[in-house]
Chemist: 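I am attaching a structure below and will ask some questions about it afterwards.
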Number of protein chains: 2
Amino acid sequence: MAPDLRSDKTDDLILGSLSADGRRSFASIGLEVGLSTAAVKRRVDRLRRAGVITGFTVLIDQKRLGRPIEALVELHTDGVLGVDRLRRALGPIAEIVEAVTVTGDADTIVRLVAADTDRLEAAVQALRAIPSVRKTETNIVLSHLVTRSATAF
Amino acid sequence: MAPDLRSDKTDDLILGSLSADGRRSFASIGLEVGLSTAAVKRRVDRLRRAGVITGFTVLIDQKRLGRPIEALVELHTDGVLGVDRLRRALGPIAEIVEAVTVTGDADTIVRLVAADTDRLEAAVQALRAIPSVRKTETNIVLSHLVTRSATAF
DNA sequence: GTTGAAAATGCTAGCCG
DNA sequence: CGGCTAGCATTTTCAAC
């Protein structure tokens, strides 16, 4: 991994601005944080090169795109299943939005978004069909309490 | 909720483009999807008005910003704790990045990012201090297998 | 870090099919 | 729904301080 970047309060302000609106102009950010347009651009470029900023993206309301069902599925797997193989196994399942491995009871937590319960079930079946997945536990997301920032890891 | 938007294949392409790079120009998206700059802008404006696009944001690598620890904490709560009160209780805890209520064993799942284990512990203590939180289970995130899109709900 | 300037690119609105 | 054009804003890269 590249070395960490020392980022100051101004960088935090810029990142905050861009979190709130990723398409904001450097000029307008500069007004807010007290820098010139050129200075803001230099900092953003530097944060990109340093890997702090990994990209920009659009926020999409999946419900309005016809995928109203969100679920978190815990995967309990055999020890033999490596991270790379698991990643490849998850790849083809279109409903998967995110997946992480964790310590504790479950081994992996998969987040998925589906158009209806049939597709949710099909996706969960696909998860169960992965070799060395012993057990799944599906939790439907009922409501979103906090969504503070889009983070990439 | 506003009525759903009928979105076609072109909209999907545009959303895909913007997912990959939220700052991409309408002209460059237009080249990809076979539309003029203005036509792309009109579609993006429409997707925004329809609530499909809820915003744009920057993707930040928290590790490089000095917050290398990510955890998912399951909250088991009493029935008396309403969504609004829970939301207010979570608000002041800076480490919280996301929180959802779910069906199943746990009632709420909180995702947080911390600078070190001390701060993680402090954040978990703060969660335990919320009235009617009976029990917490903390799972440290080990690796990210899939991060397909940043979604807002 | 700043400013200012110039060229390229991007955005937006109006008009038309 | 689309394309086009014209005017304006922004980005980007300079040089100079």
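In what follows, every chain begins at residue 1, and chains take the letters A, B, ... in the order their sequences are listed.
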Chemist: Between A/Glu32 and A/Ser17, is there a side-chain donor-acceptor contact under 3.5 Å, judged purely by atom types and distance?
Modeler: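 The answer is yes; a qualifying pair exists.
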
Chemist: Provide, to the nearest angstrom, the distance between the CZ atom belonging to B/Arg49 and the C1' atom belonging to C/dT12.
Modeler: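 One finds 13 Å between C1' of C/dT12 and CZ of B/Arg49, rounded.
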
Chemist: Calculate the interatomic distance between A/Asp21 atom CG and C/dC11 atom C1'; express it in whole Å.
Modeler: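 Going from CG in A/Asp21 over to C1' in C/dC11 covers 14 Å.
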
Chemist: Would A/Asp45 and A/Lys41 pass as an ion pair if we require N to O under 4.0 Å?
Modeler: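 Looking at A/Lys41 together with A/Asp45, the answer is yes, because their closest N to O distance falls below 4.0 Å.
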
Chemist: Taking CG from B/Leu31 and P from C/dT9, how many angstroms apart are they, rounded to a whole number?
Modeler: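 To the nearest whole Å, that distance equals 12 Å.
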
Chemist: Quick one: do the A/Thr101 and A/Thr108 side chains pair a donor with an acceptor below 3.5 Å?
Modeler: no

Chemist: For each nucleotide in nucleotides 3-17 of chain D, reading 5' to 3', give B when a protein heavy atom comes within less than 4.0 Å of its base, S when such contact involves only the sugar-phosphate, and - otherwise.
Modeler: BB-----SSSS----

Chemist: May I have the list of side-chain donor-acceptor pairs in residues 87-95 of chain B shorter than 3.5 Å, sequence neighbours left out?
Modeler:
from: B/Arg87; atom 1: NH1; to: A/His144; atom 2: O; distance (Å): 3.3
from: B/Arg87; atom 1: NH1; to: A/Leu145; atom 2: O; distance (Å): 3.1

Chemist: Could you check A/Asp61 against A/Arg67 for salt bridge (Lys or Arg N to Asp or Glu O under 4.0 Å), going step by step and ending with a plain yes or no?
Modeler: CA-CA 9 Å; A/Asp61 184 336; A/Arg67 295 201 281 178; over 6 Å; no

